[in-house]
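Index from 1, following the sequence. Side chains included, hydrogens not; waters and symmetry mates left out as well; all remaining heavy atoms used.
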Amino acid sequence: LAPSAAGEVSDLDVQVMSFKDKLSFYYGRIFPHRAMFMWLSYSDAANAAASSNTFLHREFALVLEDDVYLRYRCYAKNEDWVKDLCQKVPVKIDIGPTYSHPPVRHNNVDPSRFKPTQRELIIDIDLTDYDDVRICCEGAKICPKCWAFMPVAVDILDRALREDFGFKHIMWVFSGRRGIHGWVCDERARYMSDSTRSAVAQYLQVYAGENARRKSQVNLTQPLHPSLERAKEVLEKAFADIVIEKQGMFDSDKGREIILKVLPESVNRDDVIEAFETSRESSPEKRYAAFKAAVTPKKQSGFSDPLDEVLFTLLYPRLDINVSKTMNHLLKSPFCVHPKTGNVCVPIDRKKVHEFDPFSVPTLDKCIAQVLAHYNAMAVAPDRQTDKSQDFRFCDLQECVESVFERQFCAPLAQEGRSKKQRDIAVKNDEQSGMEF
């Protein structure tokens with residue numbers, strides 16, 4: 001694809017391209033496959049041009065137009081992966097586990113021997129799971145008011161994974177539309193059994209949903225587990241902003257009904273409704289204080305606190321727990337392009353998760369236009385460049401790739417992998433020295 005003459009608006013080039021042509025350009029020129037290859041090789045490859053046995057055993061699933069699904073794709077080298085992406089032009093890339101054999105051989109290997117050997121612990125949070133507690137939107141629709149649930153979820157889950165389980169290498173990725181995916185990549189996490197993964201997922205899953213057998217939608221006890229006490233601090237800070245101000249639950253019939261439905265029968269509904277009304281002109285923080293006073297029991301019991309029921313039901317992270325339970329579950333690759341929004345699934349700086357704006361992320365069209373504009377300004381056709389893999393440097397993806405993905409996530413992970421290799425070599429040398437007479 002040749003650019004327009006220097007000085008012309010490059011958006012015009014993008015407008016005449018088909019979606020498939022855009023994806024082909026993206027995979028060949030912008031998609032950061034070198035960094036992705038090094039991440040998924042886990043120090044098994046010396047560089048992005050080398051072969052990786054770990055990468056070769058990794059399953060990739062490609063979703064083509066018209067929902068054609070290609071499972072068990074695998075590649076020995078980065079260049080093989082890029083070539084396949086450019087030829088097949090998938091609208092979605094899913095990443096699966098690393099298997100005992102190259103996945104392409106799954107039909108030629110004894111099923112009892114073809115098994116997943118390692119897989120990141122993955123987490124899926126989607127705003128559709130909050131439909132019963134968000135007033136502003138439902139289904140696939142999102143807005144800044146309901147997106148506020150997401151950074152709260154990341155805050156709580158990230159801290160639990162780090163402080164309660166000791167994990168360090170965690171990446172949070174925008175799903176491209178209405179959710180966030182978590183990738184826990186510590187070696188200890190990657191080699192967890194399905195039973196251990198299930199136990200971790202159950203530990204993080206407090207929201208149980210509506211159940212005919214029990215009124216409460218959350219699994220709580222008194223006193224709260226220390227991890228939940230820590231989470232409660234986050235939820236209390238978020239309540240005034242999200243529930244009262246952004247969702248306006250205190251001032252709408254639907255919102256009040258949601259809250260009253262959550263409260264146990266021991267709470268006087270009239271007191272709560274009075275708190276809704278009398279505090280109407282107050283700040284969100286003061287309205288929360290009035291609500292808290294109305295629902296807090298005068299005498300504590302062994303049952304969960306009514307306030308806790310509300311906080312954890314409305315705001316605690318709602319996981320798609322089945323995604324996390326097993327090694328063989330597929331998850332959308334970082335830096336995919338969402339086919340319906342055109343958004344790139346970018347990693348999120350966890351320290352700036354509350355500043356992350358899903359409505360201003362890099363898009364396929366904009367990234368291509370920026371790359372073309374760069375070459376227009378240089379009066380050089382992109383096709384004439386010898387390096388066809390680093391054009392993310394000339395568009396909005398640069399910071400997402402270089403700062404968030406490579407420096408904050410990949411570099412510490414690779415350093416730990418190298419250090420472990422050096423320790424293993426030292427131990428092996430010591431053992432061999434000890435055997436000499």
Side-chain angles (χ1 to χ4, degrees), residues 1 14 17-41 48 52 54-99 102-107 116 119-120 122 124 126 140 171 173-181 183 323 328-347 361-368 371 382 388-392 395 397 400-401 405:
L1 176 69
V14 180
M17 295 170 68
S18 68
F19 183 61
K20 190 171 183 177
D21 286 341
K22 292 175 187 177
L23 283 177
S24 181
F25 186 96
Y26 178 77
Y27 288 133
R29 307 302 308 230
I30 302 174
F31 183 73
H33 46 78
R34 288 184 180 180
M36 289 284 291
F37 174 81
M38 294 303 295
W39 163 41
L40 295 171
S41 295
S52 166
T54 301
F55 198 80
L56 173 62
H57 287 235
R58 171 79 68 167
E59 179 190 1
F60 293 88
L62 308 183
V63 183
L64 310 185
E65 288 184 312
D66 301 322
D67 292 327
V68 176
Y69 210 72
L70 305 180
R71 289 281 312 264
Y72 301 111
R73 314 289 290 184
C74 61
Y75 316 94
K77 296 183 178 181
N78 175 43
E79 62 185 27
D80 299 333
W81 185 34
V82 178
K83 183 178 180 181
D84 200 36
L85 292 180
C86 291
Q87 288 180 346
K88 298 293 189 296
V89 196
V91 296
K92 181 186 175 190
I93 307 168
D94 282 336
I95 299 176
T98 296
Y99 283 95
V104 70
R105 294 175 52 197
H106 71 283
N107 286 328
R119 206 277 185 271
E120 299 79 8
I122 52 178
D124 185 9
D126 196 297
M171 174 171 59
V173 181
F174 175 47
S175 70
R177 192 175 195 178
R178 58 179 183 270
I180 291 177
H181 298 156
W183 296 77
V323 171
N328 60 5
H329 206 290
L330 300 171
L331 190 65
K332 187 191 302 179
S333 170
F335 299 107
C336 261
V337 175
H338 194 290
K340 293 185 178 179
T341 64
N343 293 330
V344 180
C345 302
V346 293
V361 297
T363 65
L364 177 64
D365 283 8
K366 190 173 182 181
C367 286
I368 294 175
V371 169
K388 297 184 177 182
S389 64
Q390 301 292 301
D391 279 352
F392 60 78
C395 67
L397 272 183
C400 300
V401 175
F405 185 58

Residues in side chain to side chain contact (heavy atoms under 4.5 Å, CB included) contact with [X], at least two apart in sequence or another chain:
X: Thr341; result: Arg177, His338, Asn343
X: Cys86; result: Tyr27, Val82
X: Ala35; result: Phe405, Glu406
X: Cys367; result: Ile30, Pro362, Cys395, Leu397

Nearest-0.5 Å distance that lies between atom [atom1] in [X] and atom [atom2] in [Y]:
X: Met171; Y: His181; atom1: CE; atom2: NE2; value: 11.5 Å
X: Ile122; Y: Leu330; atom1: CD1; atom2: CG; value: 8.0 Å
X: Leu40; Y: Ser52; atom1: CG; atom2: OG; value: 9.0 Å
X: His57; Y: Cys74; atom1: NE2; atom2: SG; value: 8.0 Å
X: Ser333; Y: Leu85; atom1: OG; atom2: CG; value: 9.0 Å
X: Cys345; Y: Ile93; atom1: SG; atom2: CD1; value: 10.0 Å

Answer whether the closest heavy-atom distance between the side chains of [X] and [Y] falls below 4.5 Å.
X: Leu331; Y: His329; result: no
X: Phe392; Y: Val344; result: no
X: Arg58; Y: Ile95; result: yes

Point to revise | Centroid-centroid distance, Trp81 to Phe37, less than 6.0 Å | key: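 Centroid separation for Trp81 and Phe37: 6.0 Å or greater.
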Review point. How about Tyr26 and Phe19: are their ring centroids closer than 6.0 Å?
Key: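 So the answer is no for these two rings.
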Just distance, no hydrogens or angles: give the donor-acceptor pairs under 3.5 Å from side chains in residues 61-70, sequence neighbours left out.
| from | atom 1 | to | atom 2 | distance (Å) |
| --- | --- | --- | --- | --- |
| Tyr69 | OH | Asp94 | OD2 | 2.7 |

Which residues share a side-chain hydrogen bond (donor to acceptor under 3.5 Å, both in side chains) with [X], sequence neighbours left out:
X: Asp84; value: Arg73, Tyr75, Lys88
X: Arg119; value: none
X: Lys332; value: none
X: Trp39; value: Tyr42

Review point. What heavy-atom pair brings Met36 and Pro334 nearest, and what distance separates the two atoms?
Key: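 Heavy atoms of Met36 and Pro334 come nearest at CE-O, 3.8 Å.
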**Study point:** Contact summary for Tyr99 and Pro116, nearest pair of heavy atoms
**Key:**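 Residues Tyr99 and Pro116, closest heavy atoms: CD2-N, 3.5 Å.
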Check your understanding: Any sub-3.5 Å donor-acceptor pair from Ser18's side-chain atoms to Asp21's backbone N or O?
Key ->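 At least one qualifying donor-acceptor pair exists.
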Review point. For Tyr72, what residues pass the ring pair (Phe, Tyr, Trp, His ring centres under 6.0 Å) criterion, not counting sequence neighbours?
Key: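 Applying ring pair (Phe, Tyr, Trp, His ring centres under 6.0 Å) to Tyr72 gives His106.
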Review point. Arg71: what forms a salt bridge (charged side-chain N to carboxylate O under 4.0 Å, His left out) with it, not counting sequence neighbours?
Key: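 Checked Arg71 against salt bridge (charged side-chain N to carboxylate O under 4.0 Å, His left out); matches are Glu59.
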